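Contents: one structure, followed by commentary.
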Amino acid sequence: MSVVTNHSTTAVPVVKTLSVSVNGRWLAVPQTTAHPLTGQPVATTMIQACEIAGVTVPHYCYHAKLAVAGNCRMCLVEFGTPALGPDRKPILNPDGTPQIRKSPRPAIACATPVSPGMEIYTNTPAVEAMRRGVLEFLLLNHPLDCPICDQAGECKLQEYSVEYGQAASRSVDEKVHKPKQVDLGPRIVLDDERCILCSRCIRFTRDLAGDDALGIVQRGSHSTLTHYPGRPFDHNYTLNTVDICPVGALTSKDFRFQMRVWFLQETKSVCTSCATGCNLLIGSRENKIYRYVPRQNDRVNSCWMCDSGRLNYKWIGRSDRLTQCQVRDAQGQMQLRTWPEAIQEAAGRLKQAAPGSIAFIASARQTNEELFLIRHLARKLGAMADSAPRTGEGDAWLVNADKNPNRLGAAIMFGLDRSALPVTSDTAPAAVGSADMLVGPGVQLARSGQECPRSIMGAAAERIGAKLPKIAEGIGRGEIRTLVVLGEDATKHLGAALLGRLENLIISDILPNATTPRAHVLLPGCAHAEKRGSFTNAQGRVQKFLKAVEPPGQARPESEFLVELVRAVTGEQFPQTVEGLFNRMAKETVAFQGITWAGLGDLGQGIAVEVLKT
Amino acid sequence: MIVERKPLTLWERLYLPAIIGGFKVTVRHFFKRKVTMQYPEEKWVVPEGYRGAPYLVKDQAGRTKCVSCQLCEFVCPPKAIQITPPGPQPNPETGNVEKAPKEFEINMLRCIYCGYCQEVCPEEAIFLMRDYALIGSHRDELIFNQEKLLALGGTHQDTIQKWQHK
Ligand code: SF4
Ligand code: SF4
Ligand code: SF4
Ligand code: SF4
Ligand code: FES
């Protein structure tokens, strides 16, 4: 049995700093920073020094996560370096300070490394004149389509035009016309007239997505961005180019002309399409979701997300959502009920069931808190509880083959009994001893401050769902007569015939499926965008998400009604707020110990995962 | 503070002089030009630049000038304007303008005739016109849709015609 961890054995190198001044304020900046692509140390640039100083240098082509191209010239700044005498020693002023020799030419801040004692000036009249000049060139052939341009409102060209642009064009020639409404691929429309040729999209797709699909053809004013002839621009990360395009040249077909961005309310959330849990912002207006855009989290998704996850939001607004509490009456007819009635009904059925005759199947798409309540209820009732695995295609970058956003959370909650596990290695942390800690054979969670590398994330994917055959068997033998299903289609996992043998089938779901028409009690639940909660991603990072829109009809967050159900069944009162519930869960679950809702912040918190490969 | 009340003089207490003074004003107005209008039988013709109800206009070529930029919806203080954007499907009718509203509604009960929509419009597509008395027998009647707004707005003699040269 070999131990695979990402404990780095090499000591963290001491970061050497050097001292530079930005607009007269001295500060220490690291001599080198990691290259965005290779991770190798490269000299810190002036734009990075300015960022550390909290000074924004206007820029178009520079992107912190891409290779430097240095082609837009918007980031020009003035600078000076200490003057050296013939002896290579700095010449000192009479007061002992080094004499600064101002460079006669400006430099682009994005590609010029800092040197010790350098002085950077970003707000001199000369710098502002240069920005005005650069903008005049950029706007020379620009169509100024803002009223019909989807980028308006989040366009860097618009923003800097307000600051440095001119009201009228001095050009007497007609603007150069280029192709408009170019169909680049299934998800992207290109407007070449708006493109400022910054090459961000080219560098992204070549260096990060690994598909050298875009390029610039022609010369001078006629330079045109295009895709490789005969090949659509269609990999699974194309929509990221829409985000990084500083202007409205690349636009998303899905979001095109749907809503102006200034109306969108942005809610911090996470993607639920796979176990990676990319951080994102939900853009919504008046209870309708219009788009997802990635939110930077360098521990998870950097600035990116996949197209399939990004476009997977339309089901939330579907018209066939479950919106009513329903209870089957003595005649077998579904009757509409209020929440208290439905909860009473479900609790009554659970209380009447004989011990050992109940089973729970809770989806690994439910939140940590909801699964915690299910686990609590299952333990009180002596019932089996498990989740169902959900696998699909993964890739080598963000997309995980595990399609459950909270697979690890489910594994923590419904993990196998410790007795079923081989006793593992010497690195076993002190806290092992609780079933919570053990995700499955060979997989172990520890609080060592480390997160598991992506390559081995999938290792524990198949561990949840191990009890499903036992539940099926129990139903078949008539031992299990009550089944509670949360967010899964039980016919897929147990078979439709078995469900018919149940006395009680209590279901909570969001959309109708093959199981919901068989329910005895049906409780409408919420999509993640309609509630708050947390997921544990495949890396072991607990991330919270917030509510963007109101749920339809009677639908309510599962954590809310599960608290009521637990109270109705056991008489115990769990906290009614998500914060309180999370903190209670963290206290009672070894894997989450020491974590609080407030401590999760916007970027989540790692619960240390170590993977022991068998 | 104590205000001292002066006792009225005899002349003031006499009452008749004040009555006569009042009659003088009445008689003077009796011979002046009449300014009161017999509304609603008689209607006021509003001066140039009057800010009445906002309507949408078409250009000389018959194209709806509005491009659904939604700036007026954003700026409208009482939120009287509601625009439904066209969505991604290309519209052959709009040509190189690419965009036109799918629906455009102004709730005339909400509009305060402030003129911000006209001022903010980058396309000169919405103007406050001369109608100042809008009457309906039901609230819904006073939510004007795009068709009605265009019919009421008519054609604008656009001197720039910027989309023609794009
Ligand atoms: S790219 Fe920016 S400046 Fe150009 S038309 Fe679009 S919003 Fe306006
Ligand atoms: S399409 Fe956008 S990102 Fe690509 S080169 Fe043009 S301006 Fe830059
Ligand atoms: S005139 Fe003012 S209140 Fe009326 S629609 Fe225009 S912006 Fe709104
Ligand atoms: S501001 Fe003008 S172009 Fe924009 S939506 Fe309103 S009327 Fe249409
Ligand atoms: S940002 Fe430096 S040249 Fe473009």
Side-chain angles (χ1 to χ4, degrees), chain A residues 141-153 155 158 161 167-169 171 173-194 239 242 248-265 283 285-286 288 290-291 311 314, chain B residues 56-59 63-77 79-105 107 110 116-127 146 156 158 160-166:
Chain A
N141 290 309
H142 195 84
L144 287 173
D145 274 347
C146 309
I148 59 159
C149 178
D150 263 347
Q151 189 82 0
C155 174
Q158 259 189 338
S161 294
S169 170
S171 172
D173 297 320
E174 165 129 12
K175 292 193 175 196
V176 174
H177 288 292
K178 291 192 216 171
K180 287 176 97 73
Q181 302 182 55
V182 182
D183 191 349
L184 267 200
R187 291 175 288 280
I188 309 273
V189 191
L190 165 71
D191 188 306
D192 261 312
E193 289 189 340
R194 296 181 198 148
L239 284 171
V242 174
L250 295 169
T251 53
S252 156
K253 274 190 196 168
D254 179 63
F255 182 62
R256 192 173 162 83
F257 303 157
Q258 298 280 20
M259 189 44 67
R260 303 301 269 172
V261 295
W262 53 78
F263 288 117
L264 297 182
Q265 167 191 323
R285 182 186 184 206
E286 289 172 8
K288 182 168 180 279
Y290 285 94
R291 67 171 182 183
L311 299 180
K314 302 208 167 95
Chain B
L56 293 176
V57 295
K58 293 191 172 191
D59 66 8
R63 185 183 69 78
T64 303
K65 289 199 79 192
C66 172
V67 299
S68 182
C69 77
Q70 292 182 275
L71 283 175
C72 52
E73 179 176 1
F74 183 70
V75 82
C76 176
K79 299 200 188 307
I81 301 178
Q82 191 172 24
I83 297 168
T84 310
Q89 289 313 318
N91 181 350
E93 280 168 34
T94 53
N96 69 343
V97 190
E98 292 184 39
K99 238 181 133 188
K102 197 177 194 178
E103 186 48 275
F104 193 120
E105 287 175 344
N107 187 340
R110 284 189 163 205
Y116 281 7
C117 49
Q118 175 177 341
E119 195 169 326
V120 81
C121 181
E123 300 289 335
E124 301 197 335
I126 190 164
F127 289 91
Q146 178 167 217
H156 175 66
D158 182 0
I160 303 172
Q161 296 198 291
K162 72 174 189 183
W163 293 104
Q164 225 98 93
H165 313 295
K166 284 240 181 208

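Since this is a predicted model, take the numbers as computed values, not measurements.
- The contact between A:Phe263 and chain B is made entirely by side chain atoms (from C-beta outward), counting heavy-atom distances below 4.5 Å.
- For B:Pro122, the part lying under 4.5 angstrom from a heavy atom of chain A is the side chain only.
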Pull every donor-acceptor pair under 3.5 angstrom between chain B and chain A and give the atom names with distances.
from	atom 1	to	atom 2	distance (Å)
B:Cys69	O	A:Arg260	NE	2.9
B:Glu73	OE2	A:Arg285	NH1	3.1
B:Glu73	OE2	A:Arg285	NH2	2.8
B:Gly87	N	A:Phe257	O	2.7
B:Glu98	OE1	A:Arg256	NH2	2.9
B:Lys166	NZ	A:Pro143	O	2.3
B:Lys166	NZ	A:Asp145	OD1	3.3

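- For the pair B:Cys69 and A:Pro147, the tightest heavy-atom approach, listed with the atom from each and the gap, is CB-O, 3.3 Å.
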